[in-house]
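What follows is a single structure, written as C-alpha cells, with notes after it.
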Protein chains: 2
Amino acid sequence: MPSPTAKSEATRELLVSTALRLFREHGYEKTTMRAIAAAADVSTGSAYYYFASKDDLVHELYRSLQEEHRSLALPRLREGQNLGELLRIVLNTGVGVMGPYHDFGSNFINIAIKPSATTSPFGSESAVARARAISLFRQAVAMSRPQPPLAIRDDLPELLWYAYMGITLFWVYDSSPDQIRTRRLIDQAAPLLSKLVILSRLPVVRKIVEDIVQLIRGTRQ
Amino acid sequence: MPSPTAKSEATRELLVSTALRLFREHGYEKTTMRAIAAAADVSTGSAYYYFASKDDLVHELYRSLQEEHRSLALPRLREGQNLGELLRIVLNTGVGVMGPYHDFGSNFINIAIKPSATTSPFGSESAVARARAISLFRQAVAMSRPQPPLAIRDDLPELLWYAYMGITLFWVYDSSPDQIRTRRLIDQAAPLLSKLVILSRLPVVRKIVEDIVQLIRGTRQ
DNA sequence: ACTCGGAATTGAACACGTTCGAAAAAGGAG
DNA sequence: CTCCTTTTTCGAACGTGTTCAATTCCGAGT
C-alpha cells in the first residue's frame with residue numbers, strides 16, 4: 001500500500017467487512033483466506049496485497065472489538081460512581097462485546113501473543129493500541145468517587161488493564177453458557193479490586209504498593 | 001496406540017528425542033514434521049501414528065522442560081530459607097531451563113493456550129501436569145521459614161504459580177540479552193511476593209485476602 | 001492522444017500440517 | 001507352518017496460508 005490514498009480503499013474495506021462477517025458466521029478456521037477473497041470477489045493474491053496475513057485480518061477484528069467496547073462502555077459510565085461499579089461496567093461490556101467470538105477466543109490470544117506484529121497487546125509496537133485500551137480504564141478511574149490515592153492514580157489504569165487481560169484469559173476457557181462464570185467472576189472481582197485500591201492507603205501497605213508500582217514501571221524499560 | 005507396551009516404544013522415543021533436538025537446533029518453524037520424520041528415518045505418516053499433531057510433540061518438550069525445572073530446582077531449595085529466596089531460586093531456575101528455547105517462546109504459549117488438548121496449563125484436562133508444576137511451589141512454601149499464614153498456606157502455591165505464568169509471559173517478550181531483564185524482574189518480584197504474604201496477616205488485609213482466596217477457589221468450578 | 005510507471009490483480013505454485021487407504025510386519029491360535 | 005487379527009509403516013493426496021512472476025489497470029506528464 002504505497003500511496004496514501006486511492007479508491008482501492010474501498011476494496012480494502014470490503015475485504016475487512018467480509019472477513020469480519022465470515023469470522024462471525026463461521027468461526028476462525030472455517031474462514032479461509034480463499035473464502036474471504038471469493039466472498040469479496042477478488043483473488044486470494046489480492047487479499048494478500050492488502051493484508052500481510054490472515055492474522056492481520058484478525059487484527060482488524062481485534063481493533064473493531066476494541067472500538068465497540070469503548071463506544072459501548074463510555075456512555076454507561078457515570079461520574080461519581082465508585083471504582084468497583086465502574087470497573088464492573090467496563091469489564092462486563094468487554095466480555096459482552098467479545099461474546100459472539102468466544103469460539104475462537106484462543107485464536108485471539110495466539111495472535112495477540114506473538115512478540116512480532118502490531119497485534120500483540122504487550123509488544124512495544126502496539127503501544128498505541130494498548131494505550132487506547134488503557135485509556136478506557138483511565139477514564140473509569142478519573143470518574144470514580146472517591147478518587148484513588150494519588151500515589152497510584154497514574155499507574156492504576158494500566159494495572160486494571162492487566163487484570164482485564166487476566167479476566168479475558170479466564171473468559172477464553174469459560175465454557176459455561178453465555179460465559180456466565182466470567183460474569184460472576186467480574187461481579188466479584190470488580191469490588192475486590194476497588195477494595196484493594198482503598199487498602200493501598202494504609203501506611204504499611206503503601207510501602208509495598210510503591211515497590212510494586214516501581215516494579216511495573218521498571219518493566220516498561 | 002492401542003496396546004500398552006511394545007518395542008515400538010523405541011520408535012516413539014526416537015521421534016521425541018529427534019524432535020526435541022531439532023527444536024533446539026533449528027527452532028519451531030524450521031522443524032517441520034517431515035524433517036522430524038526424515039531425521040528419525042520414518043515416514044511422516046508414522047510420525048502421525050505416534051503423535052496426533054506437531055503441537056503434541058511440542059507438548060513433549062513442555063513436559064521435558066517441566067521435569068528438568070523440577071529436578072534442577074528441588075536440590076537448590078534449603079529448608080529454612082525465607083519464601084522470597086526460595087521463590088527466587090524456583091523462578092530463576094525456571095527461566096534458565098527455558099532459556100535455550102526463548103526464540104519460540106510464543107509458540108509455547110500458543111500451544112499452551114488452546115482450550116483443547118492436554119497441553120493447556122489452564123484447561124481441566126491438564127490438571128495433572130498443572131498440579132505437578134504447582135507442587136514445586138508447594139515444596140518451596142513448605143520449606144520456607146517463617147511459615148506463611150495458615151489461612152492462605154494451602155492456596156499460596158497456586159497463586160505463586162500464577163505469578164510464574166505472568167513472569168513467563170514477560171520472559172517471552174524479553175528481548176534483552178540472556179533475558180537479563182526477566183532475571184532482574186524475578187530478583188525484585190520474589191521478595192515482594194514474600195512481603196505480600198506477610199502482609200496478609202494484618203487484620204484489615206486478611207479480610208480481603210480471604211475474599212480473593214474464595215474467588216480463586218470459585219474459579220475452579 | 002500517447003506513453004509510461006507504478007498500483008492493483010491474478011492464478012498458479014510452494015511448503016507445510018494433516019489425513020487416509022492400503023500394504024507390510026508382527027504376533028497368536030490352531 | 002498357516003491363517004487371521006492387530007499393529008505399524010508408508011507415501012500419495014488434500015486443504016491451508018502464503019509467495020510470486022506475470023498481467024492488467026489507471027492516472028499523470030508530455
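Sequence lines set the chain letters: A, B, ... in the order given, protein chains first and strands last, and positions in each chain run from 1.
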(Q) Which residues pass the side chain to side chain donor-acceptor pair (under 3.5 Å) test with Thr93(A), not counting sequence neighbours? (A) Arg76(A)
(Q) Does anything in residues 161-170 of chain B form a salt bridge (charged side-chain N to carboxylate O under 4.0 Å, His left out)? List the pairs, not counting sequence neighbours. (A) none
Q: Specify the separation, in whole Å, of atom CD of Glu13(A) and atom C1' of dA8(C).
A: 17 Å
Q) Is Ser8(A) near enough to dA7(C) that one of its side-chain N or O atoms lies under 4.0 angstrom from OP1 or OP2? A) no
Q: List in chain and number order the residues that pass side chain to side chain contact (heavy atoms under 4.5 Å, CB included) with Leu159(B), two or more places apart in sequence or in another chain; answer none if no residue qualifies.
A: Tyr162(B), Ile216(B)
Q: Starting from the first five and the last five pairs of the helix from dA1(C)-dT30(D) to dG30(C)-dC1(D), work out the angle between the resulting helix axes, to 10 degrees.
A: 10°
(Q) On the nucleotide dT9(D), are OP1 or OP2 found under 4.0 Å from the side-chain N or O atoms that Thr11(B) carries? (A) yes
Q: Starting at the 5' end of nucleotides 18-26 of chain C, put B wherever the base has a protein heavy atom under 4.0 Å, S where only the sugar-phosphate does, and a dash everywhere else.
A: BB-------
Q. What is the distance, rounded to the nearest whole Å, between atom CZ of Arg12(B) and atom P of dT9(D)?
A. 13 Å
Q: Please identify each residue that fulfils side chain to side chain donor-acceptor pair (under 3.5 Å) with Ser144(A), with sequence neighbours left out.
A: none
Q: Report yes or no: does Thr18(B) contribute a side-chain atom to a donor-acceptor pair with the main-chain N or O of Ala40(B) at less than 3.5 Å?
A: no
Q) Thr32(B) side chain: which of dT10(C), dT9(D), dC16(C) is closest? A) dC16(C)
Q) Rounding to a whole Å, what distance do you find between Asp41(A):CG and dT9(C):P? A) 12 Å
Q.
Can you pull out every salt bridge (charged side-chain N to carboxylate O under 4.0 Å, His left out) where at least one residue sits in residues 154-165 of chain A? Sequence neighbours excluded, please.
A. Asp155(A)-Arg217(A), Asp155(A)-Arg220(A), Glu158(A)-Arg220(A)
Q: Round to a whole Å and report the spacing from OH of Tyr50(A) to P of dT18(D).
A: 18 Å
Q: For residues 60-72 of chain B, pull every pair meeting salt bridge (charged side-chain N to carboxylate O under 4.0 Å, His left out), keeping only residues two or more places apart or in separate chains.
A: Arg12(B)-Glu60(B), Glu60(B)-Arg63(B), Glu67(B)-Arg132(B)
Q. Nearest of dT10(C), dA8(C), dT9(D) to any side-chain atom of Tyr49(B)?
A. dT9(D)
**Q.** Listed once per pair and sorted, the ring-ring contact (aromatic ring centres under 6.0 Å, His included) pairs that draw on residues 27-48 of chain B, sequence neighbours left out
**A.** Tyr28(B)-Phe104(B)
Q) Is there a side-chain polar atom (N or O) of Ser46(B) under 4.0 Å from OP1 or OP2 of dC10(D)? A) yes
Q.
Does anything in residues 24-53 of chain B form a salt bridge (charged side-chain N to carboxylate O under 4.0 Å, His left out)? List the pairs, not counting sequence neighbours.
A. Arg21(B)-Glu25(B)
Q | Proximity to DNA chain D (any heavy atom under 4.0 Å), residues of residues 16-31 of chain B only | A | none
(Q) According to ring-ring contact (aromatic ring centres under 6.0 Å, His included), who are the partners of Tyr164(B), at least two apart in sequence or on a separate chain? (A) His69(B), Phe137(B)
Q | Donor + acceptor pair across side chains of Asp174(A), Ser176(A) (<3.5 Å) | A | yes
